[in-house]
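Reviewing the structure listed below.
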Amino acid sequence: MRMVENDREGLIMAYERITRMASNNAVVVFSVSTCCMCHVVKRLLLGLGVGPTVYELDQERGGREIQAVLSQLLSASPVMSGPHGVVPVVFVGGKLLGGVDKVMSCHINGSLVPLLKQAGALWL
C-alpha cells in the first residue's frame with residue numbers, strides 16, 4: 001500500500017514540476033536526446049526563429065516520472081508511444097500543444113506561427 005502511495009506522490013510532484021517548467025518559458029519541449037522525432041521538432045522550431053527551452057528527460061532527474069505524467073496528459077496508449085515514450089511533447093504559452101503529430105499539423109495548416117506569436121516566442 002505504501003509503494004502505491006509513494007508512486008502517486010511522485011506523479012503528483014512530477015505534474016507540478018511539468019506545470020512550473022512549461023509556464024516559465026514561451027515554448028518548452030520535453031525531449032529525449034536520442035529521439036529522432038524530438039530532433040525534428042527542435043529543428044523546426046529553431047528554423048522558425050524560436051529558441052525553445054528543451055528538457056532532455058533522459059538527462060533530467062525524475063525524467064521517467066515526467067514521461068509518465070506526459071503520457072497521461074496526452075492520453076497516449078503504448079501503441080501510440082515510440083521507443084522513447086511519448087516525447088516530444090511541446091508546450092506553447094504554458095499550454096499543452098501536443099506531440100510531433102500536432103506540431104507538424106499546426107505547421108502545415110499555418111496555425112503554428114500565430115500560436116508562437118501569441119505566446120511571445122516570435123516577434124515578426
Side-chain angles (χ1 to χ4, degrees):
M1 184 75 163
R2 182 72 181 149
M3 182 183 268
V4 171
E5 205 171 289
N6 285 342
D7 287 347
R8 185 168 183 242
E9 288 173 13
L11 291 177
I12 290 169
M13 288 174 45
Y15 177 79
E16 291 169 353
R17 186 172 175 205
I18 290 167
T19 302
R20 277 192 314 275
M21 295 162 100
S23 64
N24 286 336
N25 299 286
V27 179
V28 174
V29 178
F30 290 95
S31 174
V32 170
S33 60
T34 57
C35 170
C36 62
M37 289 297 109
C38 296
H39 180 74
V40 167
V41 166
K42 291 182 282 189
R43 294 301 307 162
L44 171 65
L45 293 169
L46 289 168
L48 292 172
V50 175
T53 298
V54 177
Y55 294 102
E56 299 292 356
L57 297 179
D58 56 329
Q59 299 169 6
E60 285 281 327
R61 195 179 75 182
R64 288 182 196 250
E65 291 84 3
I66 291 172
Q67 275 191 299
V69 172
L70 291 171
S71 176
Q72 290 177 358
L73 290 174
L74 291 175
S75 300
S77 69
V79 175
M80 293 173 58
S81 299
H84 300 290
V86 297
V87 292
V89 177
V90 179
F91 286 78
V92 177
K95 297 177 185 160
L96 176 64
L97 177 61
V100 66
D101 55 339
K102 181 67 175 179
V103 173
M104 291 308 199
S105 170
C106 288
H107 178 58
I108 291 167
N109 73 25
S111 64
L112 182 59
V113 169
L115 282 173
L116 296 170
K117 286 181 181 178
Q118 183 179 4
L122 285 176
W123 291 276
L124 301 175

Exercise. Among Val41, Asp58, Val32, Ile66, which one satisfies side chain to side chain contact (heavy atoms under 4.5 Å, CB included) with Val87?
Worked result: Val32
For this session: Output yes when a side-chain donor or acceptor of Glu65 lies under 3.5 Å from a complementary backbone atom of Ala14, and no otherwise.
Result: no
For this session: To the nearest 0.5 angstrom, please state how far the CG atom of Leu73 sits from the CG atom of Leu96.
Result: 6.0 Å
Which donor-acceptor pairs under 3.5 Å do side chains of residues 48-55 form with protein atoms, sequence neighbours excluded?
| from | atom 1 | to | atom 2 | distance (Å) |
| --- | --- | --- | --- | --- |
| Thr53 | OG1 | Asn25 | OD1 | 3.3 |
| Thr53 | OG1 | Asn25 | ND2 | 3.4 |

Exercise. Quick check: does any side chain N or O of Ser105 sit under 3.5 Å from a backbone N or O of Asp101, one acting as donor and the other as acceptor?
Worked result: no
Problem set entry | Check: Ser71 side chain, Gln67 main-chain N or O, donor-acceptor pair, under 3.5 Å | no
For this session: Return the set of residues passing ring-ring contact (aromatic ring centres under 6.0 Å, His included) with Phe91 (not counting sequence neighbours), or none when no residue passes.
Result: Phe30
Exercise. Honestly curious: do Leu97 and Leu57 fall in one hydrophobic cluster under the side-chain, below-4.5 Å linking rule?
Worked result: no
Exercise. Roughly how far, to the nearest 0.5 Å, is the CD atom of Glu60 from the OG atom of Ser31?
Worked result: 11.0 Å
For this session: Return yes if a side-chain donor-acceptor contact under 3.5 Å exists between Glu56 and Ser33, otherwise no.
Result: no
Exercise. How far does CG of Leu44 sit from SG of Cys106, to the nearest 0.5 angstrom?
Worked result: 10.5 Å
Problem set entry | Spatial distance of atom NE2 (His39) from atom CG (Leu46) [nearest 0.5 Å] | 9.5 Å
Problem set entry | Greater than 12 external heavy atoms within 6.0 Å of Lys42's NZ | yes
Seminar exercise, completed: One should read off an interatomic distance between Leu74 CG and Leu70 CG, to the nearest 0.5 angstrom, of 6.5 Å
For this session: Starting at CD1 of Ile18, measure out to CD of Gln72 and round the result to the nearest 0.5 Å.
Result: 9.5 Å
Exercise. Can you tell if the side chain of Val29 reaches within under 4.5 Å of the side chain of Val89, non-hydrogen atoms only?
Worked result: no
For this session: Answer whether the closest heavy-atom distance between the side chains of Met104 and Val40 falls below 4.5 Å.
Result: yes
Seminar exercise, completed: Looking only at heavy atoms, the pair that brings Gly120 and Ala26 closest together is C-CB, 4.3 Å
For this session: Grab the two heavy atoms, one from Met21 and one from Val28, that are nearest each other, plus how far apart they are.
Result: O-CG2, 3.5 Å
